[in-house]
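One structure below.
Predicted model only: the values in this text are computed from it and were never measured. Order of listing sets the numbers, starting from 1, for every ligand and every atom in it.
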Amino acid sequence: MRTPFRRGTPGRLRAGALLLGATLLAGVGLTACGSSSDGDSDADKAAPSASASFAPGTTMARLHDAGKITVGTKFDQNLFGLKNLSGKPEGFDVEITKIITDALGIPRDKVNFVETVSANREPFIQQGRVDMVVATYTINDKRKKVVDFAGPYYVAGQSIMVAKNNTDITGKDSLAGKKVCSVSGSTPAENIRTVAPKADLVLFDGYAKCADALKNGQVDAVTTDNVILLGLIDKDPDAFKLVGGTFTKEPYGIGIRKGDTAFRTFINDTLEAAYSDGRWAKAFKDTVGKVEPTTPTPPPVDRYTS
Ligand code: GLU
């Protein structure tokens with residue numbers, strides 16, 4: 001187990017690892033009692049709200065009656081949605097998904113995760129290829145024109161990652177003439193055009209590819225949400241570092257079909273319940289907590305009217 005962000009504080013690193021170990025053990029204990037809400041071992045377990053009933057005609061009733069759901073998430077983002085060796089995605093977005101699908105009474109092994117990259121999230125929702133998207137998906141007005149969002153369930157911020165030995169890039173203001181990698185269809189790729197108009201933007205379809213390009217020296221920096229970059233550093237702590245702090249707010253929402261207010265309200269209610277009973281905090285600690293030992297206060301959900 002690695003907790004590379006505690007560099008220079010080995011005592012805290014060990015304490016963090018021990019704490020995380022204790023948390024994992026506690027989780028195993030709960031699983032043995034049949035009441036845990038995470039892990040791979042729970043595939044066939046009945047979901048907690050299997051007896052839930054929903055008003056006829058709602059998306060909740062349709063999904064509950066079908067007993068299955070298709071969810072778009074990232075497959076290449078450590079800490080949020082990363083395929084494990086058995087081919088299942090793991091991370092905070094996956095745990096948030098389980099909280100929602102449990103409330104719908106859908107068994108864990110009937111949650112079909114499909115990969116959504118940054119650029120195809122809105123089309124996948126619009127075309128009905130997924131029932132919802134939980135994929136480090138920033139809520140913004142442009143996207144709200146074509147999809148709706150429950151949440152936010154987390155607020156990230158855009159930052160910059162460079163090679164660990166880089167000394168000339170110190171943040172967004174030193175990117176002029178530099179090759180900066182981001183991902184098509186993402187908010188950081190849009191935003192960097194305004195924030196650093198003289199940067200030379202290189203776009204891929206996933207951040208892991210940007211990390212490879214940075215490692216190969218094809219680009220000078222990678223920009224996206226801080227926690228996504230922390231996930232890349234976690235995988236390669238000797239190669240990369242963050243510079244310059246954060247300079248945007250990226251509230252992560254759950255994307256659903258536009259106009260499905262009842263489903264949005266249901267997800268918001270479910271998130272609020274998970275905020276108050278500790279499931280949200282556990283999901284965070286088990287995933288992002290690996291690099292961010294302080295569990296934040298969850299953001300208030302935004303029950304906007306469109
Ligand atoms: N949160 C940002 C977005 O939704 C960046 C992360 C991503 O591309 O998934 O565009």
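- For P188, every heavy-atom contact with ligand 1 shorter than 4.0 Å involves the side chain, none the backbone.
- For atom 9 (O) of ligand 1, the closest non-hydrogen atom on the protein side is K74 NZ, 2.6 Å.
- In this structure, R264 forms a cation-pi arrangement with Y304, its terminal cationic atom sitting closer than 6.0 Å to the ring centre and no more than 45° off the ring axis.
- Contact check on K88 versus D109 returns no salt bridge, with no Lys/Arg side-chain nitrogen under 4.0 Å from an Asp/Glu carboxylate oxygen.
- Proximity of the aromatic rings of F80 and Y252 is defined here by a centroid distance below 6.0 angstrom, and this criterion is met.
- Those atoms of ligand 1 that come under 4.0 Å of a heavy atom in Y137, given as number and element, are 4 (O).
- Which parts of ligand 1 touch Y252 is read off a 4.0 Å heavy-atom cut-off, strictly below it: atoms 1 (N).
- Here's the thing with D225: one of its N/O atoms is less than 3.5 angstrom from an N/O atom of ligand 1.
- Listed here is the closest heavy atom pair of P56 and A61: CA-CB, 4.3 Å.
- Counting heavy atoms closer than 4.0 Å to ligand 1, residue T136 contributes atoms from both its backbone and its side chain.
- Looking only at atom types and distance, the side chain of T248 has no donor-acceptor partner in the side chain of N191 under 3.5 Å away.
- When heavy-atom distances to ligand 1 are checked against a 4.0 Å cut-off, Q158 has no atom that comes that close, whether in backbone or side chain.
- Within ligand 1, the atoms closer than 4.0 Å to a non-hydrogen atom of T224 are 5 (C), 6 (C), numbered from 1 in the order shown.
- Within the listing of ligand 1, atoms 3 (C), 4 (O), 7 (C), 8 (O), 9 (O), 10 (O) sit less than 4.0 angstrom from a heavy atom of R121.
- Two residues are said to be in side-chain contact when any heavy atoms from C-beta on lie closer than 4.5 Å; F240 and L229 fail this criterion.
- Heavy-atom contacts of S186 reach the following atoms of ligand 1: 8 (O), 10 (O) (cutoff under 4.0 Å).
- Close to ligand 1: R143, with a non-hydrogen atom less than 4.0 angstrom away.
- Between D102 and R108, at least one side-chain N (NZ, or NE/NH1/NH2) sits under 4.0 Å from a carboxylate O, which counts as a salt bridge.
- In this structure, of I228, T187, V183, the residue bringing a heavy atom nearest to atom 2 (C) of ligand 1 is T187.
- Applying the ring-ring contact (aromatic ring centres under 6.0 Å, His included) rule to pairs touching residues 94-131 yields nothing, sequence neighbours excluded.
- Near A135, the atoms of ligand 1 lying under 4.0 angstrom from a non-hydrogen atom of the residue are 9 (O).
- No option in N226, N140, T187 other than T187 meets the side chain to side chain donor-acceptor pair (under 3.5 Å) test with E250.
- Heavy-atom contacts of S118 reach the following atoms of ligand 1: 7 (C), 8 (O), 9 (O) (cutoff under 4.0 Å).
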